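Computed from a predicted structure; not experimentally measured.
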Amino acid sequence: RPSMRDALRVLTTRNMLEKRQGDGYYVSDQLQREFIGGWQDLLQNHDYLESDVLDFRRSLEGTLAALAAERRTETDLERIEYWLQQVDTAVQHKSVKLQSQADVNFHQAIAEASHNVLFSQLSASLLRILHQHTQQNLANMFSVDDDAKLSLRVQHWAILEAIRARDSHTARQLAGGHIDYVERSLAYYRQLQQREEQAQQLAHKDML
């Protein structure tokens, strides 16, 4: 206990942890802001990192889904399903912002169902950035593409059912397949954007 108290004191002094009276120690908001800010700058300024981002997500989210299948509780299942329902509601109301946020919370609920503090904390800080990096373009596409919305919905619910069935192997495979779909969808959406930009440029020349 003395060693633990010393370690907590040092981390608090370095602003890596903050003590909340009567509620224990938490990772400092300042630390998370600095960590998130650095990654956001990298991803915004270096498009070539996207493949690395997707590789990382594929590996991490597969692991999280597998652990969640092994360790989930009934309360975990209720939280995961709640956020899936919020995704569906956001799609029905055509709210890109709410859809993106609910999707982040769905994946975070899976991370927390792994019952591993390190994975949960990593997901809360890093996966949020990664989702923000890709989700906006996907949400824009899904808002106008009914087939894409249906495919994403089926994937999400299939992951939940594998976790519910405690089938860690299938949960891992489905989570990885979901990221494969995200990667293909991003590439397709970018192709559409490029074609539209080219068409606009040609139209502009015709008007000159």
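- Atoms OG and NE2, from Ser185 and His178 in turn, are 9.0 Å apart once rounded to the nearest 0.5 Å.
- Of all non-hydrogen atoms in Ser114 and Leu67, the two that sit nearest each other are CB-CB, 3.7 Å.
- In this structure, Gln99 and Thr89 have side chains that are not in contact, with every pair of non-hydrogen atoms separated by 4.5 Å or more.
- By the 4.5 Å heavy-atom criterion applied to side chains, His156 and Leu152 are counted as neighbours.
- Taking 4.5 Å as the limit, every side-chain heavy atom of Leu98 sits out of range of all side-chain heavy atoms of Gln86.
- Contact detail for Ala68 and Ile110: the closest heavy-atom pair is CB-O, 3.7 Å.
- A salt bridge links Glu74 to Arg72: one of the charged nitrogens lies within less than 4.0 Å of a carboxylate oxygen.
- With contacts defined as side-chain heavy-atom distances shorter than 4.5 Å, the pair Asp103/Trp83 does not qualify.
- Atoms CG and CG, on Leu174 and Asp180 in that order, are 11.0 Å from each other to the nearest 0.5 Å.
- Taking OG1 of Thr170 as the reference point, atom CD1 of Ile163 lies at 11.0 Å (rounded to 0.5 Å).
- You'll find the side chain of Trp157 reaches within 4.5 Å of the side chain of Arg153, heavy atoms only.
- Between the side chain of Ser120 and the backbone N or O of Asn116 there is no donor-acceptor pair closer than 3.5 Å.
- The minimum heavy-atom distance between Arg71 and His115, with the atom names listed, is O-CD2, 3.5 Å.
- For the pair Arg79/Glu112, a side-chain contact is recorded, criterion being any heavy-atom separation below 4.5 Å from C-beta on.
- In this structure, Ser123 and Gln108 approach most closely via the heavy-atom pair OG-OE1, 2.5 Å.
- Contact between Glu70 and Arg166 at its shortest, heavy atoms only, is O-NH1, 3.5 Å.
- A donor atom on one side chain and an acceptor atom on the other are found under 3.5 Å apart for Gln155 and Ser151.
- Under 3.5 Å, the side chains of Glu196 and Gln200 contain a donor-acceptor pair of N or O atoms.
- To the nearest 0.5 Å, atom CZ of residue Arg164 and atom CG of residue Asp76 are 11.5 Å apart.
- Of the inter-residue distances, the one linking Gln101 atom CD with Asn105 atom CG reads 5.0 Å to the nearest 0.5 angstrom.
- Note that CG of Asp167 and CD of Gln173 are 8.5 Å apart. Values are rounded to the nearest 0.5 Å.
- Nearest approach of Arg172 to Ala66, heavy atoms of both residues: NH2-CB, 3.6 Å.
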